[in-house]
Peer 1: 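To start, I am sharing the structure in question, which I have written as structure tokens.
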Protein chains: 2
Amino acid sequence: MQGLRKAGLKATLPRMKILEALQSSKQKHFSAEDVYKMLFKKNEEIGLATIYRVLTQFESAGLVMRHNFDGSHAVFELNDDSHHDHMIDIDSGAVVEFYSEKIEELQKKIAAEHGYEVADHSLVLYVRSKKKKPK
Amino acid sequence: MQGLRKAGLKATLPRMKILEALQSSKQKHFSAEDVYKMLFKKNEEIGLATIYRVLTQFESAGLVMRHNFDGSHAVFELNDDSHHDHMIDIDSGAVVEFYSEKIEELQKKIAAEHGYEVADHSLVLYVRSKKKKPK
DNA sequence: ATGAATGCAAAAACTTTGCATGACG
DNA sequence: CGTCATGCAAAGTTTTTGCATTCAT
């Protein structure tokens with residue numbers, strides 16, 4: 001509601017519902033369809049096209065971040081202004097967030113060595129639990 | 001040709017043409033359509049569906065690696081068995097490869113701290129040249 | 001000869017867009 | 001009230017798939 005105005009977006013019902021859905025869910029990463037279904041269950045039927053449009057606007061406004069973990073579909077996450085990378089459990093699909101100052105530094109250093117500066121980066125670890133599954 | 005047999009793939013004309021195209025190009029990263037057009041120019045018209053099928057088989061066989069730099073389409077690169085990550089110049093689209101032992105180590109360490117082991121990872125730096133563009 | 005590979009066109013999955021209607025400021 | 005947002009359906013992209021035909025061994 002206020003976040004929307006601050007972001008320069010008119011406070012419409014769909015936008016408020018979507019933002020609230022993102023904020024109130026225990027989940028942190030959502031595909032457009034996740035959001036759609038989530039709202040659908042609450043009997044807030046918002047067209048999928050609107051979800052896409054709104055999420056894209058939220059992204060431009062810096063309210064959410066878009067990730068492409070697997071290339072087949074985008075996932076969105078609220079932008080809490082604390083940068084972090086992701087670790088995805090390839091068996092369960094669970095997503096763990098992490099942050100490493102050292103890796104960030106190394107990235108800058110390596111880019112600099114090539115005459116570049118880092119504008120953005122994407123780091124995803126595909127991991128497997130170390131605990132052996134009981135046979 | 002021999003690489004194909006070793007990979008357990010029948011040496012068909014389309015597969016040979018595609019492999020050769022990948023090997024003989026100065027370019028290192030190709031979308032399926034890049035490969036299609038490349039062959040088309042050489043008057044080797046291979047159906048796009050076949051390109052996709054073959055590249056996927058090559059990936060399974062370990063001959064190529066698939067990347068999803070931007071989420072909108074996949075790119076393939078010959079697998080030279082030397083792991084590296086990528087840096088993409090957001091202005092020119094140029095792709096630079098790099099490798100950092102330290103970053104690799106840190107990734108393993110961080111995963112381990114969460115009870116995981118790294119099965120794979122994807123690191124892409126989106127960079128911008130440090131040289132100021134003359135106004 | 002025979003099982004696999006190809007080509008084509010159709011389908012699928014995800015996302016964007018055009019346009020008429022409705023809502024916000 | 002004028003403008004911008006929404007919904008719906010249609011179109012766009014990229015990738016996959018079914019099926020008849022052709023190819024490799």
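The basis for the numbers below is simple: all heavy atoms, side chains too, and nothing from hydrogens, waters or symmetry mates. First the proteins, then the strands, lettered A, B, ... as listed; each starts at 1. Note that the structure is a prediction, hence the values are computed from the model and not measured.
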Peer 1: Once each nucleotide of nucleotides 20-25 of chain D is scored for protein heavy atoms under 4.0 Å, what B/S/- sequence comes out, 5' to 3'?
Peer 2: ----SS
Peer 1: Got a sec, which hydrophobics cluster with A:Y99, joining ILVMFWY side chains under 4.5 Å apart, including via others?
Peer 2: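 None, because no other hydrophobic side chain comes under 4.5 Å of this residue.
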Peer 1: For residues 33-54 of chain B, which residues have at least one heavy atom under 4.0 Å from DNA chain D?
Peer 2: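 B:A49, B:Y52, B:R53, in order of number.
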Peer 1: Compute whether any side-chain donor of one residue and acceptor of the other, for B:E97 and B:H83, lie under 3.5 angstrom apart.
Peer 2: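 No pair is found: no donor N or O on one side chain lies under 3.5 Å from an acceptor on the other.
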Peer 1: Among residues two or more places apart or on two chains, list those pairs meeting ring pair (Phe, Tyr, Trp, His ring centres under 6.0 Å) that have a residue in residues 62-81 of chain B.
Peer 2: B:H29-B:F69, B:H67-B:F69, B:H67-B:H86, B:F69-B:H86
Peer 1: Heavy atoms only: give me the nearest A:T50-A:P14 pair and the separation to one decimal.
Peer 2: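 So the two residues come closest at CG2-CB, 4.1 Å.
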Peer 1: Using five base pairs at each end to define the local axes, how bent is the helix from C:dA1-D:dT25 to C:dG25-D:dC1, to the nearest 10°?
Peer 2: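 Rounded to the nearest 10 degrees, the bend comes out at 30°.
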Peer 1: Tell me whether B:L123 shares a hydrophobic cluster with A:Y126, the cluster being built from Ile, Leu, Val, Met, Phe, Trp, Tyr side chains joined at under 4.5 Å.
Peer 2: no
Peer 1: If you count heavy atoms of other groups shown closer than 6.0 angstrom to NZ of B:K42, is the number above 12?
Peer 2: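 Yes - once you tally the heavy atoms of other residues, nucleotides and ligands closer than 6.0 Å, there are more than 12.
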Peer 1: Listing request: all salt bridge (Lys or Arg N to Asp or Glu O under 4.0 Å) pairs with a residue in residues 119-128 of chain B, at least two apart in sequence or in separate chains.
Peer 2: none
Peer 1: Could you walk me through whether A:L106 and B:L106 pass side chain to side chain contact (heavy atoms under 4.5 Å, CB included), step by step?
Peer 2: CA-CA 10 Å; A:L106 284 166; B:L106 283 165; 3.5 Å; yes
Peer 1: Can you pull out the residues from residues 65-77 of chain B that lie within a 4.0 Å heavy-atom distance of DNA chain D?
Peer 2: B:S72, B:H73, B:A74
Peer 1: First and last nucleotide of DNA chain C in contact with chain B, 5' to 3', at under 4.0 Å to a heavy atom: what are they?
Peer 2: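 On DNA chain C, the outermost contacted nucleotides are C:dG3 to C:dA9.
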Peer 1: With sequence neighbours excluded, tell me which residues meet side-chain hydrogen bond (donor to acceptor under 3.5 Å, both in side chains) with B:E117.
Peer 2: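 So B:E117 forms no side-chain hydrogen bond (donor to acceptor under 3.5 Å, both in side chains) with any residue.
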Peer 1: Suppose we screen for side-chain hydrogen bond (donor to acceptor under 3.5 Å, both in side chains). Which residues come up paired with A:S60, at least two apart in sequence or across chains?
Peer 2: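 In terms of side-chain hydrogen bond (donor to acceptor under 3.5 Å, both in side chains), with neighbours along the sequence ignored, A:S60 is linked to no residue.
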Peer 1: Got a sec, which residues hit side-chain hydrogen bond (donor to acceptor under 3.5 Å, both in side chains) with A:D89, two or more places apart in sequence or on another chain?
Peer 2: A:S92, B:Y116
Peer 1: For the residue pair B:K130 and A:A112, what are the closest heavy atoms and their distance?
Peer 2: NZ-CB, 3.7 Å
Peer 1: Within a radius of less than 6.0 Å around NZ of B:K28, do more than 12 heavy atoms belonging to other residues, nucleotides or ligands occur?
Peer 2: yes
Peer 1: Atom CZ of B:F30 to atom P of D:dT14: distance rounded to whole Å?
Peer 2: 18 Å
Peer 1: In chain order, what residues pass the side-chain hydrogen bond (donor to acceptor under 3.5 Å, both in side chains) check against A:R66, with sequence neighbours excluded?
Peer 2: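 side-chain hydrogen bond (donor to acceptor under 3.5 Å, both in side chains) list for A:R66, sorted by chain: A:T56, A:E59.
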Peer 1: Between A:L78 and A:V54, is there shared hydrophobic-cluster membership here, with clusters defined by ILVMFWY side-chain heavy atoms closer than 4.5 Å?
Peer 2: yes
